[in-house]
Amino acid sequence: MSKLKTFPMGGIHPDKYKITSESPIMDAGLPEIVYIPVKQHIGSPAKILVAKGDKVKVGTLLADADGIVSADVHSSVSGEVLKVEAVEGEFGYVEDMITIRVEGDEFEPSVDLSSDIAREIPFTAEEIIAKIRQAGIVGMGGAGYPTPVKTSIPSNKKVDTLIINGIECEPFLTADDRLMVEKAEQIVIGAKIINKILGIQNAVIAIDENKPHAVEAVSKVTKTYVGVNVQVCATKYPQGGEKQLITAITGREVPSGKLPADAGCLVQNVGTAFAIYEAVMKNKPLFERIVTVSGDACLHPANYRVRIGTPASFLIDKAGGLTPETAKVIFGGPMMGTAAFNINAPVTKLTSGILLLSEKTSRKAPENSCIRCAKCTEVCPVGLQPYLIARKVRGGNFDELRDCHVLDCIECGCCAYTCPARLPLLDYCKLAKSELKKK
Amino acid sequence: MENIILLSILVLGVTALAAAIVLYLVSRKFAVEEDDKITQIDEILPQANCGGCGKAGCHDFATACAGADEAGFAGLFCPVGGMKVMEQIASVLGFSVAAKEPTIAVLRCNGTCENAPAKIEYDGVSSCRIADRVSCGQTGCPSGCLRLGDCVKACPFGALHIDKTTGIPVVDENKCTSCGACVRACPRQLFEIRAIGKDGCRVYVACRNTQKGAVARKNCKAACIACLKCTKIHSDIKVENNLSYIPDTVSAEKFGAELAQTCPTGAIICTRCGENSHV
């Protein structure tokens, strides 16, 4: 067997902790109240269309995309709008949210709830993009870039490869893994739909070798679909990073400050591909997603199908409640996710996991001095020198940071993970990026 | 033997003399003409090089003073040296200097550990700038003090320290020169340079939270709730975005004590306002 593909520079091998990879996706059920943020994407917040007292159904449009880089927001439950105002979000900052009290579970009549798989794509590229826009789909891997914008490639660029990202390199998370095992064919059809938008015939579904069930399930389906292939990749973090994955699969490098389209590629997460299938073939707006609830302090780790807006505390209760060992609750994965300020904050389109971590796993070790071992430089998948960036940030030397190419940092956290002096290198890089963007 | 010693002294002596002549000529030829005034002003300045005047340092400020006309000079001020230094500079230049009230930095937050108890434990980097990016801080107030002391690190005069019981920074009136380093360091713009006031008597709103009263009060007992009571005491006080602001034009001696007493939350602080004030 030939050597498996991976990206050439840097990367780490954190412990996987994929404890939920064998647990089938369960329905999380309906909470009493959902909080639906109007900004769950990159770009401008959506314009609110509903008011207090309005009755909504599952799939009702709550807020309309404001401008091109924005996304529609739909109701994930049926019930009554309690209030439309700022509510404390996951970071403690207040965000505009639509609070809905759940009453029954009634769907908009346009939503096709049948479970049979629609294989023929009777739409044109324009119709597909319009449908994706109406469904409010955003990149579900975590960045939240509105999908219609991402798939509309400017005419001066040419995309020849579609990559469906099923890498899921973060420890603990298994949402994409389980989705590939259970909804393999829908994901493949989703890939064919994106192919149709791009006017190309081939797609690569990239899966890490540590997901044998997903590889098996998707490979079985791709036999009957011409042009769609499975590419098994060697496990390495952060392979799920868009630019890392492009290099791993095609050998091309996305130039600094440019987009994947400049390397002739388009990358979509498997979750996004599935959402595209549901939106185009089943008229289903994006109102639910798969969330892994896990962590070493979690009693019953599991994968749930969750309505957007469900408070995280509802899911934590489902999974056995907040155990006394829990020291931190993380939204997202342990490498790139953030510690939650407020566990009543809702699940958004981008929440791939909710992790309950114990003191032992999550506590930051005391800082030491940098010994210039260059381990951070070795593992940086972009080829930056995090120790140098940290030193310049500490000295307030923001002018020189541009020369360090800190804006190319993908915030994967490999540097901080590997640092023997436990320096918070990632925090410094993030600070440098935000300071440079301000200028 | 003696010859060698003599010879080396001679050779070195002649070389030194030749080098001295060359250096003298070169220094005359390439001498940079600098205004005498700049040197004089430079000597008057405090040499703190804090950047409080908006220039790159004391020498830069001296250059700017020497090059300025009367109108331009009026726009220059060294907050560290204050009126005393400015008068001296003015006498060098032959200008007059308009009287300017001395200023001081004030912290526009009263989110002490008692008023705004910590809701979460923050174990990240001990830097306000980084903490501000990660979450809204331990207290839950999105505009309040993060208590990690970026201002203390930034103060070139050692005029700030974090009070261990209240958790928030305290300005040392004797050391603060109102250079503005804390204003620039605070990611939430909580410091304001204000007039020091007669005998140190000044009144200000120690809050920057623009949330609605009920929301702000959830996180901090001393938050401004925009109740408008202070606006009835003096018409210059304005409430915008659910937040009151007391301009310097409001006399602290006359209204300070009343304002601080009227404020139902204690967001208005009056320093040295007599017996009946909050402080």
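Chain letters run A, B, ... following the sequence lines, proteins first, then strands; residues in each count from 1. Note: hydrogens, waters and symmetry copies are ignored here, and every other heavy atom, side chains too, is used. Small disclaimer: the values here were computed from a predicted structure and weren't measured.
Contacts with chain A (heavy atom to heavy atom, under 4.5 Å) involve these residues of residues 103-129 of chain B, listed by number: Lys119(B), Ile120(B), Glu121(B), Asp123(B), Gly124(B), Val125(B), Arg129(B). Among residues 208-219 of chain B, the residues having any heavy atom closer than 4.5 Å to a heavy atom of chain A are, in sequence order, Gln211(B), Asn219(B). Residues of residues 164-184 of chain B placed with any heavy atom under 4.5 Å of a heavy atom in chain A are absent; none qualify.
Glu85(A) CD: more than 12 foreign heavy atoms inside a 6.0 Å radius. Atom NZ of Lys360(A) is surrounded by 12 or fewer heavy atoms from other residues, nucleotides or ligands within 6.0 Å. When the shell of 6.0 Å around CZ of Phe77(B) is examined, it contains more than 12 heavy atoms from other residues, nucleotides or ligands. Within a 6.0 Å radius of NZ in Lys55(B), no more than 12 heavy atoms belonging to other residues, nucleotides or ligands are found.
Residues that satisfy the side chain to side chain donor-acceptor pair (under 3.5 Å) test with Tyr237(A), not counting sequence neighbours, are absent from this structure.
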Practice prompt. Run the numbers on Phe341(A) and Val134(B) for side-chain contact (heavy atoms from CB on, under 4.5 Å), then give the verdict.
Written response: CA-CA 9 Å; Phe341(A) 179 92; Val134(B) 181; over 6 Å; no
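To the nearest 0.5 Å, the span separating SG on Cys136(B) from CD on Glu88(A) amounts to 6.0 Å. Here the CD1-CG distance, from Ile130(B) to Asp427(A), works out to 5.0 Å after rounding to the nearest 0.5 Å. Interatomic distance, Asp132(B) CG to Phe91(A) CZ, rounded to the nearest 0.5 Å: 12.5 Å.
Contact of Glu90(A) with chain B is not made at all, since no heavy-atom distance falls under 4.5 Å. Proximity to chain B (any heavy atom under 4.5 Å) is shown, for Lys430(A), by both the backbone and the side chain.
Here the side chain of Tyr93(A) pairs no donor or acceptor atom with the backbone of Pro142(B) at under 3.5 angstrom.
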